Amino acid sequence: MNYWLLKSEPDVFSIDDLKKQKTTLWDGVRNYQARNFLMAMQVGDLAFFYHSSTEPPGIVGLCRVLETHIADPSQFDPQSPYFDPKSSEDKPRWWTVRVGFVEKYKQMITLEVLRAKFSPDELVLLRRGNRLSVMPIASGVADRIIALKASR
DNA sequence: GCCAACGTTGGC
DNA sequence: GCCAACGTTGGC
C-alpha cells in the first residue's frame, strides 16, 4: 500500500466537505506530474489531506483511494473551468481517482511542524518552489506523520 | 527546439 | 497583496 498527499484549498473543497460527502472525485488536476501520480494510485492507498492557501496550511486528515483510473469528466465539459479542448472521450489526457473520507484530525499538523520534523528530501511538499498538488509520501515518513498526529 | 512572455500556485 | 518558482504557450 502506498501513501500520498493531496492538496486542496479549503475554500474550494475542505476535509469537512469530504466528511459530509463521504467520497469525492479528485477532479481538476491539470499538471502532468500530478496526473502521473494519480494514475499510479491503487485501491486501498491512503492519502493525507492537506489544506493549502489558508492560514495556517497543513495536514488536516486522511482519506482512502476507492477507485482508480477514472477519466476526469470535467475535461470534456465546455462549461467547466477544467475543460480541455485538446482532450477527447476516446483519448482522455486527464485521469483521476475517487477518494473516501477516513479521518479528520483533531488538530492540524501544520506546515510549520512538518518543516520542523522532516527534511525537504523526505517530503516533496517542503521542497523549495514545490507546487505539486499530488505527491507520494514514503511509508516511513507516513508512519512518522501518523505518530505525530497520535502524540497530541 | 529555443526562449520570452505570460499565467498559476501557494507561502508569507 | 506580494512575489518567487515553476509550467505552458507561441513566435520564430
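Values reported hereafter were calculated over all heavy atoms of this structure, with side chains retained and with hydrogens, waters and symmetry mates removed. All figures in this text were calculated on a predicted structure; none of them were measured in a lab. First the proteins, then the strands, lettered A, B, ... as listed; each starts at 1.
Annotation for A:Glu112: atom CD does not count as buried by contact number, only 12 or fewer foreign heavy atoms lying within 6.0 Å.
Counting to the nearest Å, the P atom of C:dC6 and the OH atom of A:Tyr32 are 20 Å from each other. For the pair A:Gln33 CD and B:dT9 P, the interatomic distance rounds to 15 Å; values are reported in whole Å. Put simply, CZ on A:Arg127 is 13 Å from P on C:dG7, counting in whole angstrom units. Protein atom NZ of A:Lys86 is 13 Å distant from nucleotide atom C1' of C:dG7, rounded to whole Å. Atom-to-atom, OH of A:Tyr82 to C1' of B:dT9 comes out at 12 Å; the value is rounded to the nearest Å.
Both A:Leu132 and A:Val97 belong to a common hydrophobic cluster when Ile, Leu, Val, Met, Phe, Trp and Tyr are linked at side-chain heavy-atom distances under 4.5 angstrom.
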Verdict with reasoning, A:Asp11 to A:Thr54, per side chain to side chain contact (heavy atoms under 4.5 Å, CB included): CA-CA 8 Å; A:Asp11 291 347; A:Thr54 189; 5.8 Å; no
Would you check, one step at a time, whether the test side-chain hydrogen bond (donor to acceptor under 3.5 Å, both in side chains) holds for A:Ser88 with A:Asp90? CA-CA 5 Å; A:Ser88 63; A:Asp90 52 314; 3.1 Å; yes
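Using bins of under 30°, 30° to 60° and over 60° for the plane-to-plane angle, the ring pair A:Trp26/A:Phe13 lands in the perpendicular bin.
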Nucleotide N/O of nucleotides 10-12 of chain B paired with protein N/O under 3.5 Å:
residue : atom : partner  : partner atom : Å
B:dG10  : OP1  : A:Lys7   : NZ           : 2.9
B:dG10  : OP1  : A:Arg131 : O            : 3.1
B:dG11  : OP1  : A:Tyr50  : OH           : 2.9
B:dG11  : OP2  : A:Ser53  : N            : 3.0

Between protein and nucleotides 2-5 of chain B, what N or O pairs are separated by less than 3.5 Å?
none

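Between the side chains of A:Asp17 and A:Ser14, at least one donor N or O sits under 3.5 Å from an acceptor N or O.
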